[in-house]
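First comes the structure, then the notes that go with it.
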Amino acid sequence: MNLFNVYPRYNVTPVKAKDCMVTDDKDIQYLDLYGGHGVISIGHAHPHYLKKLKRQLDAIGFYSNAVQNPLQCELAEKLGQLSEYQKYNLFLCNSGAEANENALKLASFHTHKKRVVAFDNSFHGRTSLAVSVSDNPKINAPINSTNPKTFLPLNRVDLVEQELKKGDVCALIIEGIQGVGGLDEGTTPFFQELEKQCKQYDVVFIVDEVQSGYGRSGKFFAHQYHKVKPDIISIAKGMGNGFPMGGILISPKFEATYGMLGTTFGGNHLACAAGISVLETIEKEKLIENVNAVSDYFIKKAQKIPQVKKIKGKGLMLGLEFDFEVAEIRKQLIYKKHIFTGGAMNKKLLRILPPLTIQKEHIDTFFKALKEILNVYVIPVPRLRE
Ligand SMILES: Cc1ncc(COP(=O)(O)O)c(C=O)c1O
């Protein structure tokens, strides 16, 4: 049987990994500034993570949500404490798309309305509701066009109000910082106005923190820069450090009823062990402080590179924008310099999503490599930054 060929893949085969380094089948070591797409939060093969997962596997790996699972409560308690959302409730699932699917469904149950407002260049996942509010026609099949939605540009409060006041909108969904789209984000006044208007027009305010959450932005959640409290927050990627898991944090104003949401695998014992060890490590190793320190260092170094037109994002969710497409730079970084980086829908943006444990020496390695590539392999024409 062949694999269904949907991924353009680099010709690299990782076989092991430790912290910020990935080793391939030819024993070549790569610096991981991509984190498997923002997934690796506490570093590959972190000893605490391994210990917890192995112990859990020896005890019980899975049982369904038909029985008690105190690990889910332990995870919820720790997550509430670190994110400062102690009063919210947690529903656990298996991926980011599924988290948004449940968030949107809950919004519709709650308001008895159907239409969703989302934003230009958004990405919320591949399942039916999540993909329908993702602004990319190429990944939407005809079957995904059934539920009503409206895309608006970021930072246009007037257009948001025009839509919300029509009275048929159940949810507004926005990424804390746009990931796949290319690291654009709403301003603080915009987020605050969204919160206000959602209250005024009985619309559920959902912030998708699947990528920007779990400390990656330099705060536990990116929306916490804006001092707003969404009704629902969706999470995934960094949550399990590679173990597939997702969830939604739900305001206490939503009433749960049996069967309203559900999943076979969500919140299983192994996932919870992974999730708890991630939170414990973020706290114990003060990883959010590390994010901020390394981020400042990265930005200062990036500002000195004339070919970099714009530096986008926050914390360790960063992008370097050039005035040419970066596909060739990414290729050279992997094959010549052995560094993984990410791309975006914005083809001129190089994305940096390293493990939150990354150190300044790694950033030095990256910039040395980038400068060599820019000078040797790509057009060696320095341009002034905007
Ligand atoms: C902001 C955001 N939401 C949702 C998703 C979908 O997550 P998953 O691939 O786990 O379904 C992603 C994945 O890249 C994302 O970046």
Side-chain angles (χ1 to χ4, degrees), residues 6-8 34-41 91-107 116-136 138-140 144 149 151 154 171-186 191 205-217 219-224 230 232-249 263 265-268 271 274-275 278 312-319 340-346 349 351-354:
V6 290
Y7 302 112
Y34 179 55
H37 205 77
V39 166
I40 302 300
S41 45
F91 174 75
L92 289 164
C93 55
N94 310 284
S95 69
E98 211 186 316
N100 288 324
E101 202 76 16
N102 282 293
L104 292 166
K105 205 165 150 188
L106 189 53
V116 179
V117 165
F119 292 91
D120 293 351
N121 268 327
S122 58
F123 182 80
H124 298 290
R126 305 273 183 160
T127 56
S128 60
L129 282 174
V131 82
S132 77
V133 296
S134 296
D135 181 24
N136 181 355
K138 279 203 208 137
I139 62 171
N140 270 275
N144 300 126
K149 74 267 168 175
F151 292 102
L154 282 173
L172 177 147
I173 184 165
I174 181 167
E175 286 157 87
I177 300 171
Q178 287 191 337
V180 175
L183 297 165
D184 291 303
E185 54 186 309
F191 268 93
F205 179 29
I206 302 171
V207 178
D208 178 345
E209 294 273 7
V210 164
Q211 191 167 141
S212 53
Y214 264 72
R216 181 156 294 282
S217 73
K219 290 196 183 282
F220 195 90
F221 288 127
H223 70 259
Q224 289 169 326
I232 304 179
I233 302 156
S234 47
I235 52 176
K237 294 193 189 292
M239 192 180 179
N241 200 44
F243 198 98
M245 64 188 308
I248 47 177
L249 280 67
T263 157
F265 295 118
N268 68 71
V278 165
K312 296 171 89 176
K314 287 192 169 80
L316 291 176
M317 185 169 175
L318 292 167
F340 289 141
T341 55
M345 283 213 291
N346 171 356
L349 195 85
R351 266 163 91 199
I352 306 294
L353 297 163

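Ligands are counted one by one from 1 in listed order, and the atoms in each one are counted from 1 as well.
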Taking the side chain from [X] and the backbone from [Y], do they hold a donor-acceptor pair closer than 3.5 Å?
X      : Y      : value
Gln178 : Asp120 : yes
Arg216 : Phe221 : no
Asn241 : Ser41  : yes

For [atom], what's the nearest protein heavy-atom neighbour? Residue, atom name and distance, please.
atom                    : answer
atom 16 (O) of ligand 1 : Gln211 NE2, 2.8 Å
atom 3 (N) of ligand 1  : Asp208 OD2, 2.7 Å
atom 7 (O) of ligand 1  : Gly96 CA, 3.3 Å

Output the distance between atom [atom1] ([X]) and atom [atom2] ([Y]), rounded to the nearest 0.5 Å.
X      : Y      : atom1 : atom2 : result
Leu154 : Glu185 : CG    : CD    : 9.0 Å
Glu101 : Thr263 : CD    : OG1   : 12.5 Å
Leu104 : Ile206 : CG    : CD1   : 4.5 Å
Asn100 : Arg126 : CG    : CZ    : 13.5 Å

Under a 4.0 angstrom heavy-atom cut-off, which atoms of ligand 1 come close to [X]?
X      : answer
Glu175 : 1 (C)
His37  : 14 (O)
Gly125 : 4 (C), 6 (C)
Asn100 : 3 (N), 4 (C)
Val210 : 2 (C), 3 (N), 4 (C), 5 (C), 7 (O), 12 (C), 15 (C)
Ser95  : 10 (O), 11 (O)

For the 3.5 Å polar cut-off, considering only N or O atoms, please tell me whether [X] and ligand 1 meet it.
X      : result
Glu98  : no
Ala97  : yes
Val180 : no
Lys237 : yes

Which heavy-atom pair separates Val180 from His37 by the least distance, and what is that distance?
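Reported closest heavy-atom pair: CG2-NE2, 4.1 Å.
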
Heavy-atom protein contact below 4.0 Å for atom 9 (O) of ligand 1:
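Within 4.0 Å of atom 9 (O) of ligand 1, no protein heavy atoms are found.
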
Can you confirm whether or not the ring centre of Tyr214 sits under 6.0 Å from the ring centre of Phe220?
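Ring centres of Phe220 and Tyr214 closer than 6.0 Å.
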
